[in-house]
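Just so you know, residue 1 is the first one in the sequence shown, and it goes up from there.
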Amino acid sequence: MIALSNVYVRSSGTIYMGRLHTHNHGKSHSTRPIDFKKPSWVTQSPKEIEEIILKYGKEGLSPSMIGIKLRDQHAIPLVKPIINKGITQVLDENKSSQEIPEDLNNIVMKAVGLQNHLKTNRNDNRNVRSLELIEAKVHRLSVYYKKIGRIPKTWKYKSVVAQLE
């Protein structure tokens, strides 16, 4: 087994990620399709799929929820092999994407929920540490998104402001 930071490679050649703040190595809970070609059962054209994505985007669904709806209700396992774009790319091109990326928003909401918990449970020291780790993730992700230009350079996470949103 070779360890490169928190990426591990087994002798069988499989790669898996280690968790940053725990000793677990974890596994993905779902298996993506092996082939990256258009499935034979998909009857919709790429234009129709983009219209479905935009319809769900206008309803306010996040990209992951749009992907789940496409998978479960429209039998489209992956969008990228069919239309050669991801769901977020389609939403960005049509200006219906969210201001803050979905994963960053989810982590901020998790931090806000934990802060509300800690207001009522002041002696919960384990979750004080959890909040520190979550806020560290927020800062790491925000640095990345600022670097690639997904969020403004002036965006800053402040716990008090996050609770108000």
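Counting non-hydrogen atoms of neighbouring residues, nucleotides and ligands closer than 6.0 angstrom, the CG atom of D72 exceeds 12 such neighbours. Around NZ of K58, the count of heavy atoms belonging to other residues, nucleotides or ligands within 6.0 Å does not exceed 12.
Residues G57 and I66 approach most closely at N-CD1, 3.8 Å, considering heavy atoms. Taking every heavy atom of both residues into account, A111 and L131 meet most closely at O-CD1, 3.7 Å. Here the closest heavy-atom approach between residue P81 and residue L78 is recorded as CD-CB, 3.6 Å. The shortest non-hydrogen separation linking I82 to P46 is O-CG, 3.8 Å. The minimum heavy-atom distance between A75 and V42, with the atom names listed, is O-CG2, 3.8 Å.
E50 contributes no side-chain N or O that, together with a main-chain N or O of K47, makes up a donor-acceptor pair within less than 3.5 Å. Under the 3.5 Å distance criterion, the side-chain polar atoms of K146 are matched with a main-chain donor or acceptor of W155. Looking only at distances, no side-chain donor or acceptor of N105 sits under 3.5 Å from a matching main-chain atom of P101. Between the side chain of S130 and the main chain of N127, no donor-acceptor pair closer than 3.5 Å is present. The backbone N or O of G86 lies less than 3.5 Å from a partner atom in the side chain of Q89, making a donor-acceptor pair.
Taking the side chain as every heavy atom from C-beta outward, I53 and I83 approach each other to under 4.5 Å. Between V79 and K85, every side-chain heavy-atom pair lies at or beyond the 4.5 Å cut-off. Residues L70 and I87 are in side-chain contact: their nearest non-hydrogen atoms beyond the backbone lie under 4.5 Å apart.
A distance of 11.0 Å separates NE2 in H74 from CD in E48, rounded to the nearest 0.5 Å. The structure places CG of N121 at 14.0 Å from CZ of R126, a figure rounded to the nearest 0.5 Å. To the nearest 0.5 Å, the span separating NZ on K69 from CD1 on I52 amounts to 11.5 Å. Taking CE from M109 and CD1 from I100, the interatomic distance works out to 10.0 Å, rounded to the nearest 0.5 Å. Remark: H139 NE2 to K137 NZ distance equals 13.5 Å, nearest 0.5 Å.
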Checking Y157 against I107 for the side-chain contact (heavy atoms from CB on, under 4.5 Å) test, could you report, in this order, the C-alpha distance in whole Å, the side-chain angles of both residues, the deciding distance, and whether it holds?
CA-CA 11 Å; Y157 169 77; I107 294 175; over 6 Å; no

Between E102 and S64, is the side chain to side chain donor-acceptor pair (under 3.5 Å) condition met? List the steps.
CA-CA 8 Å; E102 182 184 7; S64 61; 2.5 Å; yes

Please walk me through it: do E135 and Q115 pass side chain to side chain donor-acceptor pair (under 3.5 Å)?
CA-CA 11 Å; E135 288 179 341; Q115 288 167 352; 3.2 Å; yes

Would Y56 and Q73 count as a side chain to side chain donor-acceptor pair (under 3.5 Å) if you check the C-alpha gap in whole Å, the side-chain angles of each, and the deciding distance to 0.1 Å?
CA-CA 12 Å; Y56 286 139; Q73 295 177 1; 3.2 Å; yes

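When hydrophobic clusters are built by joining Ile, Leu, Val, Met, Phe, Trp and Tyr residues whose side-chain heavy atoms come closer than 4.5 Å, directly or via intermediates, I148 is not grouped with V143. With hydrophobic clusters built from ILVMFWY side chains whose heavy atoms lie under 4.5 angstrom apart, V112 does not share a cluster with L133. One hydrophobic cluster, built from ILVMFWY side chains closer than 4.5 Å, holds both I68 and L91.
Screening R71, K38, Q44 against I76 for a side chain to side chain contact (heavy atoms under 4.5 Å, CB included) leaves a single residue, Q44.
Look at R129 and E132 and you find a salt bridge, because one of the NZ, NE, NH1 or NH2 atoms lies within 4.0 Å of a carboxylate O, short of that distance.
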